[in-house]
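As a basis for the values below, the full set of heavy atoms in this structure was taken, side chains included, without hydrogen atoms, waters or symmetry mates.
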Amino acid sequence: MDHTHQHSPPSEAQSRNEMDFEISGMTCASCASRVEKALKSVPGVKEARVNLASEKARVTLASVSATPEALQGAVEKIGYKLKPAHHEHSSPISHMNHMHHGEEAGLGKVELLRRQKRRVLLAGLLSAPLVLPMLLRPFGFEFQLPAWLQFVLAAPVQFWLGGRFYGTSWKAVKNFTGNMDLLVALGTTAAFGLSLYLWLLAPSAHGSQHLYFESAAVIITLVLLGKYLESKAKQQTTEAISSLQALRPEKARVQRKGVESEVPLSQVQVGDLVVVKPGEKIPVDGAVLEGRSQVDESLITGESLPVDKGQGDWVIGGSVNGNGRLTVTTQAVSSESTLARIVRLVENAQAAKAPIEKLVDRVSAVFIPVVLVISVLTILIWGFSTGSWEQAVIHGVAVLVIACPCALGLATPTAIMVGTGVAARAGILIKDAEALQTAHSITAVVFDKTGTLTEGKPKVAKFITAKGNDSEVLSWLASLQSGSEHPLAKATLEKAKQEKVPLRSVTDIQALPGQGLKGKIEGQIIFVGTEKWLEEKGIEKSEWQHLAHERQAAGESLSWIVNESQREILGLISYADQPKSTSASAIQKLNSLQLKTLMLTGDSEGSAKQVAKVLGLDQFQARVLPEEKAQFVQKLKAQGERVAMVGDGVNDAPALAAADVGIAMATGTDVAMRTAGITLMRGNPLLIPDAIDISKKTYRKIKQNLFWAFIYNIVGIPLAAFGLLNPVIAGGAMAFSSVSVVANALLLKKWKGSAL
């Protein structure tokens with residue numbers, strides 16, 4: 001199990017010049033790009049990003065001149081609604097409250113889905129009798145509903161249940177633009193209008209010509225069904241954030257002046273003592289003051305096993321307390337808590353646009369006008385070449401309703417939302433869509449050693465004494481080092497504790513910079529430190545030399561123990577920083593992905609060589625300075641490698657920034673994590689191949705989605721134009737193109753990391 005970390009995730013507090021908004025009324029990619037354009041046109045706006053899948057906008061301001069009112073005005077002018085995203089307790093965590101079209105603004109997502117479902121069912125009931133003759137014809141049943149009955153059934157579907165298409169289309173036309181609703185409104189109105197003309201103004205001699213009321217009604221029904229299924233599926237793409245938000249309890253049990261009382265979480269302050277009973281959620285980030293327990297942090301860090309917590313240990317708000325009562329000193333609340341920061345990171349990643357989306361933006365800008373032109377040309381060419389304007393209009397309608405701008409707009413954001421969500425659940429926080437897209441093409445992974453591949457806590461590897469008086473020498477050594485904070489001293493004291501040797505009184509302690517430590521114990525001056533000191537003092541060490549070389553060759557740090565008063569060597573103690581239990585399998589997985597694995601460390605050649613050999617690394621460099629790490633990464637990039645750098649310390653920050661993708665361990669420092677594109681919530685190296693794997697799978701989904709979205713249009717529009725597609729089938733294909741794209745993205749939810 002990994003060591004419990006004492007650090008929260010990087011501070012990604014939303015800067016004051018960033019604002020989040022919810023948008024209603026968007027139906028396709030061209031809507032999203034138009035809203036984006038309108039927001040960018042407001043003076044003082046530096047950047048605007050609109051996400052069709054989450055129906056949100058994030059606006060970056062260059063100056064205070066761009067007020068929320070100005071932004072709302074610009075968006076409402078082009079026919080959409082904009083409102084500030086809700087925040088709880090001054091936290092940038094926003095409700096994922098999906099709003100849809102203007103008429104439905106203000107409805108919660110549950111009520112919205114209910115309303116959509118009712119409309120689909122009603123449209124289906126009204127359309128079913130219209131389709132029945134067509135369905136029974138292959139079985140030899142030839143009959144047709146009276147024209148007046150077809151009209152009575154189709155009109156409510158067209159003008160009441162399909163009324164929203166007219167509303168949003170009119171707003172688009174007023175602004176000289178188009179959207180998916182305009183295509184549906186034009187297509188179905190043309191089919192409905194043609195039916196009226198054939199029925200009332202041009203009745204045939206036989207009085208039994210085919211009308212197209214069923215086409216108009218069924219197309220609207222299918223589009224409404226598609227939108228309902230899409231809304232339902234889109235809800236699942238935000239489950240990761242919803243489940244994280246649900247972790248935070250509403251109240252906390254605070255102990256003030258010895259009295260316990262339940263207060264709303266918003267009233268808890270830093271420094272408050274919070275009491276957590278067995279089985280309860282921990283409401284705040286802080287350090288355990290009293291009690292022992294096991295805490296389930298799985299939904300926050302992805303750590304599947306409960307973690308032992310005792311006095312001084314850090315606990316994370318939102319994790320679940322086990323069987324012990326804990327008193328926690330509050331260190332962070334509300335927007336500064338780990339949970340809030342994690343949600344913010346995931347939201348940031350989901351709001352960002354992947355570089356691949358630039359292609360979609362360019363296509364969506366011209367999509368609607370091109371489809372309208374193709375539709376008009378289809379009608380004219382068929383009309384003049386065949387003389388059958390009835391058939392010409394039907395083929396033109398098919399062109400309008402097969403077009404799928406919605407699928408294009410949803411292809412990338414849905415995959416990113418699901419991918420970043422499942423990654424967060426596994427303890428992998430991806431800062432932005434660019435890091436996600438870049439990580440899939442990594443060719444080389446560069447590691448820091450200490451704390452990344454190794455535990456970062458040296459342990460005594462070998463303890464050798466001259467006369468077999470191990471416990472006495474260990475007692476002197478531990479006593480001498482008992483006041484030191486040095487990692488090697490801590491390792492010695494741990495060994496003494498295990499061996500149960502007593503500590504003795506030490507006087508005249510003297511630290512010798514770069515050489516070691518000495519002090520007086522029971523009248524003898526005892527020294528522990530480097531070989532260099534022995535040489536300076538001229539103490540004979542030849543009999544020990546081969547043992548010393550052995551330990552150094554094994555990559556261990558060596559200290560000599562000397563009785564200076566008697567000028568004799570008492571023994572040797574060597575220390576090793578053990579590789580983490582999962583480091584070797586992580587390297588193996590990366591190698592199986594055909595990735596180069598390299599290690600950079602400031603440690604000695606022997607130590608680095610031993611770790612590289614044990615773990616199976618392709619290459620290593622020892623005695624590397626922090627600035628040299630960044631240079632090494634730049635050099636690899638110059639050789640054509642796509643580099644991921646993995647580190648956890650301040651000294652890794654330059655290299656993390658220099659790499660194509662920086663991957664920071666959350667067991668390390670905030671500096672490292674702020675620089676990195678990906679943060680691992682646990683110090684488990686297996687999360688590294690997992691991060692690359694989820695990145696590859698998400699990017700594959702983006703490409704699949706874009707392929708299907710483009711193929712629907714590239715194949716469907718020409719088929720419709722050549723008269724090979726019935727408008728009803730075209731409407732069905734358009735409706736389900738969006739659903740298939742979202743459903744394909746949702747398959748990512750099955751992903752399971754190897755580190756779980």
Between D448 and K629, is the salt bridge (Lys or Arg N to Asp or Glu O under 4.0 Å) condition met? List the steps. CA-CA 9 Å; D448 165 52; K629 285 186 181 180; 3.0 Å; yes

Can you tell me if S293 and N321 form a side-chain donor-acceptor pair at under 3.5 Å? yes

Separation of K495 NZ from Y575 OH (nearest 0.5 Å): 10.5 Å

Can a donor-acceptor pair be found, under 3.5 Å and without considering hydrogens, that links the side chain of R58 to the backbone of E47? no

Looking only at atom types and distance, does a side-chain atom of K449 sit under 3.5 Å from a main-chain N or O of T454, one as donor and one as acceptor? no

Are the side chain of K696 and the backbone of H440 linked by a donor-acceptor contact shorter than 3.5 Å? yes

Distance col, row M26:CE vs N51:CG, nearest 0.5 angstrom, shows 7.5 Å

With a 3.5 Å distance limit and no angle check, can you tell me whether N705 reaches the backbone of T412 through a side-chain donor-acceptor pair? no

So, using side-chain contact (heavy atoms from CB on, under 4.5 Å) as the criterion, who are the partners of Q578 when residues are at least two apart? A576

Spatial distance of atom CD1 (I663) from atom CD1 (I692) [nearest 0.5 Å]: 5.0 Å

Grab the two heavy atoms, one from I678 and one from A691, that are nearest each other, plus how far apart they are. CG2-CB, 4.3 Å

K309 and W314: which non-hydrogen atoms are nearest, and at how many Å? NZ-O, 2.7 Å

Audit row: T582, N684, side chain to side chain donor-acceptor pair (under 3.5 Å) steps and yes/no: CA-CA 7 Å; T582 53; N684 185 347; 2.7 Å; yes

Can you confirm whether K281 is buried at NZ, in the sense that more than 12 heavy atoms of other residues, nucleotides or ligands lie under 6.0 Å from that atom? yes

Using distance only, find each side-chain donor-acceptor pair of residues 637-647 under 3.5 Å and give its atom names and separation, not counting sequence neighbours.
unit_1: K637; atom_1: NZ; unit_2: A658; atom_2: O; d: 2.7
unit_1: E641; atom_1: OE1; unit_2: T443; atom_2: OG1; d: 2.6
unit_1: E641; atom_1: OE2; unit_2: K596; atom_2: NZ; d: 2.4
unit_1: R642; atom_1: NE; unit_2: S441; atom_2: OG; d: 3.2
unit_1: R642; atom_1: NH2; unit_2: S441; atom_2: OG; d: 3.3

List the atom of V661, the atom of A439, and the distance in Å for their closest heavy-atom pair. CG2-N, 3.8 Å

Do F620 and L615 touch side chain to side chain, with heavy atoms closer than 4.5 Å? no

How about Q704 and K701: does a side-chain donor come under 3.5 Å of a side-chain acceptor? yes

Would you check if the side chain of S574 reaches a backbone N or O of K462 as a donor-acceptor pair within less than 3.5 Å? yes

Closest approach of K56 and E22, non-hydrogen atoms and distance? CE-CG, 4.3 Å

Does the side chain of L453 come within less than 4.5 Å of I587's, by heavy atoms? yes

Which heavy-atom pair separates I416 from A433 by the least distance, and what is that distance? CD1-CB, 3.7 Å

Where G419 and T698 come nearest, the two heavy atoms and their spacing: CA-OG1, 3.6 Å

Is it the case that D285 and S337 place a side-chain donor and acceptor less than 3.5 Å from each other? no

Distance (rounded to the nearest 0.5 Å) between I688 CD1 and D693 CG: 13.5 Å

Out of curiosity, L436 CG to S695 OG, how far, rounded to the nearest 0.5 Å? 5.0 Å

Keeping the roles fixed (side chain from D618, backbone from T597), state whether a donor-acceptor pair exists under 3.5 Å. yes

Could you give the distance from CD1 (I694) to CH2 (W751), rounded to the nearest 0.5 Å? 5.0 Å

T420 side chain vs I430 backbone, donor-acceptor pair below 3.5 Å: no

CD/Q588: more than 12 non-hydrogen atoms of other groups inside 6.0 Å: no

